[in-house]
4 protein chains.
Amino acid sequence: MAGGEGGTSRRRFEERRQRRIARRRSEILAAAARVFADKGYANATTKEIADAADIAEGTLYNYFGGKREILLAIAHEGQAPIEALLQDATGLQGREDMIALVERGYDVFVSQLPFMRTLLLEAWLDDVIFQDFVLDRFQRIGELVGAYIAQRIEDGGFRPVDPALTTRMVLGMFISTILPLLRGTAPPPSHERRHALAEAVVDLLLDGIRVRQD
Amino acid sequence: MAGGEGGTSRRRFEERRQRRIARRRSEILAAAARVFADKGYANATTKEIADAADIAEGTLYNYFGGKREILLAIAHEGQAPIEALLQDATGLQGREDMIALVERGYDVFVSQLPFMRTLLLEAWLDDVIFQDFVLDRFQRIGELVGAYIAQRIEDGGFRPVDPALTTRMVLGMFISTILPLLRGTAPPPSHERRHALAEAVVDLLLDGIRVRQD
Amino acid sequence: MAGGEGGTSRRRFEERRQRRIARRRSEILAAAARVFADKGYANATTKEIADAADIAEGTLYNYFGGKREILLAIAHEGQAPIEALLQDATGLQGREDMIALVERGYDVFVSQLPFMRTLLLEAWLDDVIFQDFVLDRFQRIGELVGAYIAQRIEDGGFRPVDPALTTRMVLGMFISTILPLLRGTAPPPSHERRHALAEAVVDLLLDGIRVRQD
Amino acid sequence: MAGGEGGTSRRRFEERRQRRIARRRSEILAAAARVFADKGYANATTKEIADAADIAEGTLYNYFGGKREILLAIAHEGQAPIEALLQDATGLQGREDMIALVERGYDVFVSQLPFMRTLLLEAWLDDVIFQDFVLDRFQRIGELVGAYIAQRIEDGGFRPVDPALTTRMVLGMFISTILPLLRGTAPPPSHERRHALAEAVVDLLLDGIRVRQD
DNA sequence: CATGAATGAGTCTTCATTCAT
DNA sequence: GATGAATGAAGACTCATTCAT
């Protein structure tokens, strides 16, 4: 009886269920990312994760296959904002564009801090994380920035540097400026501070610190 | 009877014993550094360390109070070469001096790779390691480089940048260039390669990548 | 919906859970007391305790913080019956009262044998156990018996002996009579036997063994 | 050459060697008894024993087959003074004889404290120690005292008590009076104190505490 | 004989995962 | 689906005993 409606209501129920599951997964991931960021994957216990997510330990296993799968899901989750950033990163032209891009990079790290911290930490040890979630993106950024630099060298705007190496160094400069945040020894920088940091990075990249002698 | 000789032979014996102990401690530390560098402190087992050092598990405890003490000894061990480098780092003048200094920095990392890798990895999580063995040195480097930059700004050689921030970014650039080595995805660079890397770092620092437009 | 009933059912569930936990704790304590009584705390392994309690080793740690905490819980557990006995021990008058009291003392030891055996054994070495769980009660017994003896001396019923020393000796007599049981070389005495032992203790205390010569 | 003298000197050497060995064994036993008395056999380490005896750990094994053998030797060592006491204990007659005997009992405990403490402690757990070194002597004491009591009952001097049980209770009284010393919570009693204690024990045994009503 | 470093079996404890309720 | 107690494999550490020097 009420077959059609039954189907509709069942579908609605199913949708709501799916949303509830997705929401719960996200909550768990956010909690786990905080714990992993704080103590590292190896030192974190499933009990701590469950407590942070305010659920029972066993419930974790209804949403994830195990501790490691949670880590992989976190790594996966951390990809989206970087992907978005990479999408917009085409068509760099001048200093202002570059500054804006670096600022957006800061935004990603600030808004996703536990994810990023976990990702970078575990990539240091875990080859799967490193290959699939860090190296991969790093190479895409490398291609992007490298291509830009190569093109600017071609048109005479940049010195004939090694594009890949320079990309690497820019990223090093970038990361170094938010290292205290990643390490947890400093609070997130204000928007003004982020802007100033971005300017410093871009200006050092473009002009170095030496005063023009000519 | 033969008191004097007895004393001498006992002293010699004692010296030899001390040397044997020191040597064994070093062997264990080197083995442990390799294991820690490979799997991280938390994932490394005392059995693995013992196997790597080719001794029995219990023997570890004749030389160190426990796993954590081994880690601290590694952190301590890694300080000497950096201290030496810092001693020599005064009196930077021009580009060549700076390149030489950066090259020596590479030498330290290359020759002490497992120690450095372990140190940087664990400092990420362990506040004691971070404070006592990383932040401390980092601040000394910061003072050194920062003072140099500030002085060069004063005499008009450098643009009026933030010395502390710039120091941080230089270190970021430096580290980024040997990251593949630290991460274990690349072999140690040749001396030529190290020289080229050092030049790239210093030139980027001094002049940036932009071609003079005037 | 069904809020009240939900609350009630949850509360009932919670109560049942608490009872289950308490029961399990008691089972573990009883098993551990048997093992400790048999081999001593230091020689007992957590594996043996777990086996005696018919649970896995790890389960112990869901109920107690560790091996030593189990020992302390045993010591604590053994206090209740002695406290109860001390409550009733006021108002001794004549020989019959005293015999009844000694008999109740036997009952405590017989019914709590592993607990008492463990307690006395470990108090011999462990200062915490000794101070908090044995000396304390011993002093209370001492005060009680000592006060009684002192009063009877006053009213001329007893010789002018040292009350504290006499109390100590009575306890020595008492313990000596169930030593084979405590040591595990004899089965628990029957009620008749306990009565006879109690009479022997009290008569020796009151009259000694010498026939009146006058 | 010098064959005869060689034999003599070898014999002398051998005797001296035997004495040296015996002396060293005694030193080790005394040290071990102190350690065992303090922490118990199970909690004492061979390292602690060696340190207490001021020798190296390995040297222990030149004199004893192992830790347990040291314990057995201690138990054995503790027997001699008690044997001596038992030899002299025949021919008790009156109150004074008994007091003197009890005093000698105190002397044995005071002079051999670590041995006695170790012996009683380990006999509580170790069946071999208990059977061979404690029960055995206890039974001999029991026969001696029991026979005396039985005889005095026969001749009308004592009430018709159970000789074995009474013996047990006397020993309980005796032990109880030096329990603080054995437990380590009181210093050895002075000679005067020992005499007073012995009088208290014997008087309680003979006359109890009740004032004669006749 | 004395020494003390080396050994590895044995112990307590933790924790990811399972599963009955 | 949620819960959390039960599990047992694994890990850090101890210590009696051995043995090369």
Side-chain angles (χ1 to χ4, degrees), chain A residues 17 20-21 24 41-51 53-70, chain B residues 10 13-14 16-17 20-21 24-25 41-50 53-70, chain C residues 10 13-14 16-17 20-21 24-25 41-50 53-70, chain D residues 17 20-21 24 41-51 53-70:
Chain A
R17 184 176 153 276
R20 204 179 52 229
I21 290 179
R24 198 51 94 80
Y41 175 77
N43 297 115
T45 68
T46 49
K47 175 115 185 28
E48 285 168 327
I49 298 171
D51 285 351
D54 204 30
I55 57 175
E57 223 176 332
T59 307
L60 286 179
Y61 292 81
N62 290 335
Y63 293 91
F64 298 95
K67 193 185 170 192
R68 181 165 173 81
E69 199 174 283
I70 295 177
Chain B
R10 170 168 295 194
F13 179 79
E14 183 59 23
R16 205 175 296 179
R17 185 175 155 273
R20 203 181 52 230
I21 291 178
R24 196 51 93 84
R25 272 183 66 102
Y41 175 76
N43 296 115
T45 69
T46 49
K47 178 92 174 50
E48 286 168 329
I49 298 172
D54 204 31
I55 57 176
E57 216 175 336
T59 305
L60 284 182
Y61 293 84
N62 291 339
Y63 293 90
F64 297 95
K67 193 184 167 191
R68 182 169 173 80
E69 200 174 280
I70 295 177
Chain C
R10 170 167 297 193
F13 178 80
E14 182 59 23
R16 205 174 298 179
R17 183 175 155 273
R20 202 182 52 231
I21 291 178
R24 195 52 89 85
R25 274 184 64 104
Y41 175 76
N43 295 116
T45 69
T46 49
K47 179 91 175 53
E48 285 168 329
I49 298 171
D54 204 31
I55 58 176
E57 219 175 335
T59 306
L60 285 181
Y61 293 84
N62 291 338
Y63 294 89
F64 297 94
K67 193 184 167 192
R68 180 165 175 82
E69 200 174 279
I70 295 177
Chain D
R17 183 175 155 276
R20 206 180 50 228
I21 290 179
R24 197 54 93 79
Y41 175 76
N43 296 116
T45 68
T46 49
K47 174 114 186 32
E48 286 168 326
I49 298 170
D51 286 350
D54 204 31
I55 58 174
E57 222 175 332
T59 307
L60 287 179
Y61 292 82
N62 290 333
Y63 293 90
F64 297 95
K67 193 184 169 192
R68 180 165 174 81
E69 198 174 283
I70 295 177

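Labels below follow one simple rule: chain letters A, B, ... track the order of the sequence lines, proteins then strands, and each chain is numbered from 1. Only a predicted model underlies this, so the values are computations on that prediction, with no experimental measurement involved.
What separates CG of A/N43 from P of E/dA16 is a distance of 10 Å, to the nearest Å. Rounded to whole angstrom, the span from the NZ atom of A/K47 across to the C1' atom of E/dT14 amounts to 13 Å. A/D51 places its CG atom 11 Å from the C1' atom of F/dG4, with the value rounded to the nearest Å. Atoms NZ (B/K67) and C1' (F/dC13) sit 12 Å apart, rounded to a whole Å. If you measure from atom CZ of C/R16 to atom P of F/dG4, you get 16 Å, rounded to the nearest angstrom. Rounded to whole Å, atom P of E/dT14 lies 13 Å from atom CD of A/E48. Across the protein-nucleic acid pair, A/Y41 atom OH and E/dC15 atom P stand 13 Å apart, rounded to whole Å.
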Donor-acceptor pairs are to be reported for all side-chain atoms of residues 57-70 of chain C against protein atoms at under 3.5 Å, with residues two or more places apart or in another chain.
unit_1	atom_1	unit_2	atom_2	d
C/E57	OE2	C/T46	OG1	2.8
C/K67	NZ	C/Y41	O	2.9
C/K67	NZ	C/A44	O	2.9
C/R68	NH1	C/D126	OD2	2.6
C/R68	NH2	C/D126	OD1	3.4
C/R68	NH2	C/D126	OD2	3.1
C/E69	OE2	C/G65	N	2.8

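Closest approach of D/I55 to D/R24, counting heavy atoms only: CG2-NH1, 3.4 Å.
For E/dT14, neither phosphate oxygen OP1 nor OP2 lies less than 4.0 angstrom from any side-chain nitrogen or oxygen of C/Y61. Between C/T45 and E/dT11, a side-chain N or O to OP1/OP2 separation shorter than 4.0 Å is absent.
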Practice task
Kindly express the pairing pattern of DNA chain E in dot-bracket notation, using | wherever a base pairs with another strand and counting only Watson-Crick or G-U pairs under 3.5 Å.
Solution key: .||||||||||||||||||||
Where do N or O atoms of nucleotides 4-7 of chain E meet protein N or O atoms at under 3.5 Å, pair by pair?
unit_1	atom_1	unit_2	atom_2	d
E/dG4	N7	D/G58	N	3.2
E/dA5	OP1	B/R17	NE	3.2
E/dA5	OP1	B/R17	NH2	3.2
E/dA5	O3'	B/Y63	OH	3.4
E/dA6	OP1	B/R24	NH1	2.9
E/dA6	OP1	B/R24	NH2	3.0
E/dA6	OP1	B/Y63	OH	3.2
E/dA6	OP2	B/Y63	OH	2.8
E/dA6	N7	B/N62	ND2	3.4
E/dT7	OP2	B/A56	N	2.9
E/dT7	OP2	B/T59	OG1	2.9

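Using a 4.0 Å heavy-atom distance criterion, D/A44 is classed as a sugar-phosphate-only contact.
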